[in-house]
Amino acid sequence: MDKILQINSAYAPQISGGRFIRYGDIAESLMRNAMICPGDGCFWPKASDGFVYMPFTVSPVYSPSEVRAIQRAIADVANSTCVRLVPRTTEVDYLSFQSLDGCWSYFGKTGGEQAVSLQSPTCLLKGVVIHEIIHALGFYHEHNRSDRDKYVKVIWSNVQPGEEDQFSILPTNNLNTKYDYGSIMHYGRYDFAVNPSIPTLEPIPDPSVRMGQLSDMSATDILKINRLYGCGGSSNMETVVQTSPTTTTHSTTTTKPTTKAAPSCANVVLTAPFQRFNSPNFPSLYPNNANCQWLILGNSKVLLTFTAMNIQLTTNCMADYVQVYDGSSTLAKPLSPRLCGYTTPPPLTSTGPSVLVVFHSDASLQNLGFQISYRLL
C-alpha cells in the first residue's frame with residue numbers, strides 16, 4: 001500500500017489564527033491572496049553568490065529530536081539545490097517554525113515573519129518538514145497541477161464532503177517537467193476517502209502506479225526547485241562528507257592541464273554535534289577549479305580545528321584557499337584572512353550558531369588539501 005501523504009484532514013477552507021488553510025496545508029492570509037504572485041514577488045531572492053537564502057527561526061518548544069528532524073530536512077534541501085535555510089540574525093523576511101495547529105505553510109515568500117506550522121509531535125517528520133518548505137518556496141501539490149487530469153483521475157464520489165478543494169486544478173507553472181507520481185508533494189491514493197478501501201486518486205492509464213510518499217524529494221522535485229530558482233548545475237551537487245585519517249602536511253605540488261572541466265564539488269550542510277570534513281580527494285591531490293562550501297549549523301557557537309593543511313601557498317592566498325565566515329553566507333564577516341600554505345591554522349570559534357567554510361582552487365596547481373574537525377558548543 002502507498003505510504004499516505006495526508007497533511008491536514010480538517011474541513012477546508014478552515015480559519016486558523018486569521019488564516020485560511022486551503023488545498024490541505026497551504027495557509028492563505030485574510031489580507032493576501034497566495035494565488036497571486038506579481039512580478040515573481042513571492043519567490044525568495046537569489047544572492048550574488050548564486051544561493052537562495054531563507055533565514056529561519058525554530059520555536060524553543062521543540063525537543064532535541066524534533067529539532068534534528070527540522071535540521072535533517074534543511075540539510076536535504078541544501079544538499080540537492082541552491083536553497084540554503086540559514087539561522088536568522090536581523091533579516092526582516094524569514095520562516096518561523098512553530099508548533100501551531102497542524103502541518104501547514106504559506107505559498108512562497110509572504111514577507112516579515114512567516115509561520116510554518118509543524119505541530120508537535122505529529123508533524124515532526126523529515127518528509128513533512130521538506131513538504132512544507134517546498135510550499136514556502138512557491139510550489140503547490142503535484143496533484144493540483146494544471147495538467148493533472150491527463151495523469152490522475154479523481155474519484156469524486158469517494159471524496160469526503162468539504163474536502164473537494166484538496167483536489168482542485170490550479171494554474172501552476174510546471175517548469176517543463178513530467179507529471180511526478182513519486183513527488184513528495186503528491187497525495188496518496190486513499191487520502192480524504194469516505195470509504196478508506198476505495199481510492200480518491202487513480203493514476204491514468206495504469207492504476208497500479210504508486211503515488212505519494214513522505215521520505216525524500218524525488219528527482220523531479222529537485223529539478224523543479226533548481227529550475228524555478230535558476231540553480232544551474234546545482235542539482236548535481238554531491239552530498240558527500242569525506243572522512244580520512246590525518247596525514248603529513250609536507251608540500252606536494254604538481255601541475256595539471258588547465259583544459260580539464262571543473263569537477264563536481266561538495267556543498268554540504270552539517271548539523272551533527274561533532275564531525276570531520278576535508279577537501280575533495282583528501283589526502284590525495286584536490287582538483288582544479290573547485291568551489292566547495294560546508295555550512296555548519298548549531299545552537300550557540302561552533303569550534304573549528306584544522307587537523308591538516310596543505311594548500312598551494314601564494315601571496316595573500318590569491319590562488320587556492322580556505323575562507324571561514326562567521327555566519328551562514330559569504331556576506332558574513334570572515335573569521336580569519338584567507339588560509340593557504342602548510343602551517344596548520346589555530347582553532348577558530350564563531351560568535352554565533354553558524355559557520356560557512358569555503359574552499360576554492362584555481363586552474364593551475366594542486367596540493368593535498370585540508371582537513372577540519374568541528375564541535376558545536
Side-chain angles (χ1 to χ4, degrees), residues 1-9 23-26 54 56 58 62-85 95 97 102-105 116-145 151-152 166 177-193 196 199-203 206 208-228 231 234-241 267-272 297:
M1 180 180 294
D2 294 339
K3 185 174 182 180
I4 295 176
L5 170 56
Q6 184 164 320
I7 301 297
N8 196 325
S9 60
Y23 316 119
D25 64 326
I26 300 177
M54 301 175 73
F56 72 92
V58 177
Y62 291 124
S63 69
S65 63
E66 291 173 333
V67 172
R68 285 194 292 272
I70 296 173
Q71 291 174 332
R72 287 194 296 268
I74 289 171
D76 277 12
V77 172
N79 287 339
S80 300
T81 74
C82 63
V83 176
R84 299 288 184 269
L85 278 83
L95 299 182
F97 293 106
C103 321
W104 51 259
S105 175
V116 177
S117 178
L118 300 171
Q119 187 173 16
S120 175
T122 310
C123 306
L124 272 301
L125 300 172
K126 184 190 74 168
V128 174
V129 180
I130 292 174
H131 182 101
E132 302 304 341
I133 289 172
I134 293 177
H135 280 318
L137 284 168
F139 292 92
Y140 291 107
H141 295 125
E142 185 72 1
H143 64 275
N144 296 130
R145 277 176 58 137
Y151 304 96
V152 175
Q166 305 275 5
T177 60
K178 295 182 179 179
Y179 191 89
D180 185 15
Y181 298 105
S183 170
I184 202 169
M185 307 304 289
H186 202 300
Y187 275 5
R189 188 181 306 271
Y190 300 96
D191 285 6
F192 304 99
T200 51
L201 292 173
E202 187 173 278
D206 181 1
S208 67
V209 171
R210 293 175 61 86
M211 291 187 301
Q213 51 89 18
L214 269 181
S215 300
D216 298 284
M217 290 180 290
S218 70
T220 302
D221 290 329
I222 294 169
L223 177 62
K224 287 167 72 172
I225 294 171
N226 287 335
R227 282 186 176 175
L228 180 64
C231 295
S234 60
S235 60
N236 294 320
M237 289 179 178
E238 296 178 354
T239 58
V240 177
V241 181
N267 290 266
V268 179
V269 176
L270 304 173
T271 59
L297 299 176

Note, M185 side chain near M217 side chain (heavy atom, < 4.5 Å): no
Any side-chain heavy-atom pair of L297 and L270 under 4.5 Å: no
Partners meeting side chain to side chain contact (heavy atoms under 4.5 Å, CB included) with L228 (sequence neighbours left out): F43, F139, L175
Pair E132-L118, side chain to side chain contact (heavy atoms under 4.5 Å, CB included): steps then yes or no: CA-CA 9 Å; E132 302 304 341; L118 300 171; 4.1 Å; yes
E202 vs M211 side-chain heavy atoms within contact, under 4.5 Å: no
Set of residues satisfying side chain to side chain donor-acceptor pair (under 3.5 Å) with respect to T177, sequence neighbours excluded: R145
Set of side chain to side chain contact (heavy atoms under 4.5 Å, CB included) partners for S208, sequence neighbours left out: D206
Those residues that, when tested against V58, pass side chain to side chain contact (heavy atoms under 4.5 Å, CB included) (two or more places apart): F56, Y62, V67, I70, F97
Rounded distance (nearest 0.5 Å) linking atom CG of N226 with atom OG of S80: 8.0 Å
Side chain proximity check, Q166 to D191, heavy atoms < 4.5 angstrom: no
Closest non-hydrogen atom pair, C231 against T81: SG-C, 4.5 Å
Heavy-atom closest pair, residues E142 and D180: OE2-N, 2.9 Å
Within-4.5 Å side-chain heavy-atom neighbours: M54 and V83: yes
Where H131 and I184 come nearest, the two heavy atoms and their spacing: ND1-O, 2.9 Å
Side chain proximity check, P121 to E66, heavy atoms < 4.5 angstrom: yes
Any donor-acceptor N/O pair, N144 side chain to Y140 backbone, under 3.5 Å: no
Any W104 side-chain heavy atom under 4.5 Å of S117 side chain: yes
Pairing residues for T220 by the side chain to side chain donor-acceptor pair (under 3.5 Å) criterion, not counting sequence neighbours: none
Reported CG-to-NE2 distance for the pair L201 and H143, which is rounded to 0.5 angstrom: 6.0 Å
Listed partners of Y179 passing ring-ring contact (aromatic ring centres under 6.0 Å, His included), at least two apart: Y151, Y181, H186
Separation of R68 CZ from Q71 CD (nearest 0.5 Å): 8.0 Å
Heavy-atom closest contact (G182 atom, S218 atom, distance): O-CB, 3.7 Å
Separation between OG of S65 and CG of L124, rounded to the nearest 0.5 Å: 7.5 Å
Shortest non-hydrogen contact from A69 toward V129: O-CG2, 4.5 Å
Contacts of A219 that satisfy side chain to side chain contact (heavy atoms under 4.5 Å, CB included) - sequence neighbours left out: none
R189 side chain to V209 backbone, donor-acceptor under 3.5 Å: yes
Heavy-atom side-chain proximity of V116 to I133 below 4.5 angstrom: no
Side chains of D221 and S183, donor plus acceptor under 3.5 Å: yes
Flag, side chain of Q119 to backbone of C103, donor-acceptor distance under 3.5 Å: no
Residues forming a salt bridge (charged side-chain N to carboxylate O under 4.0 Å, His left out) with D76, sequence neighbours excluded: K126
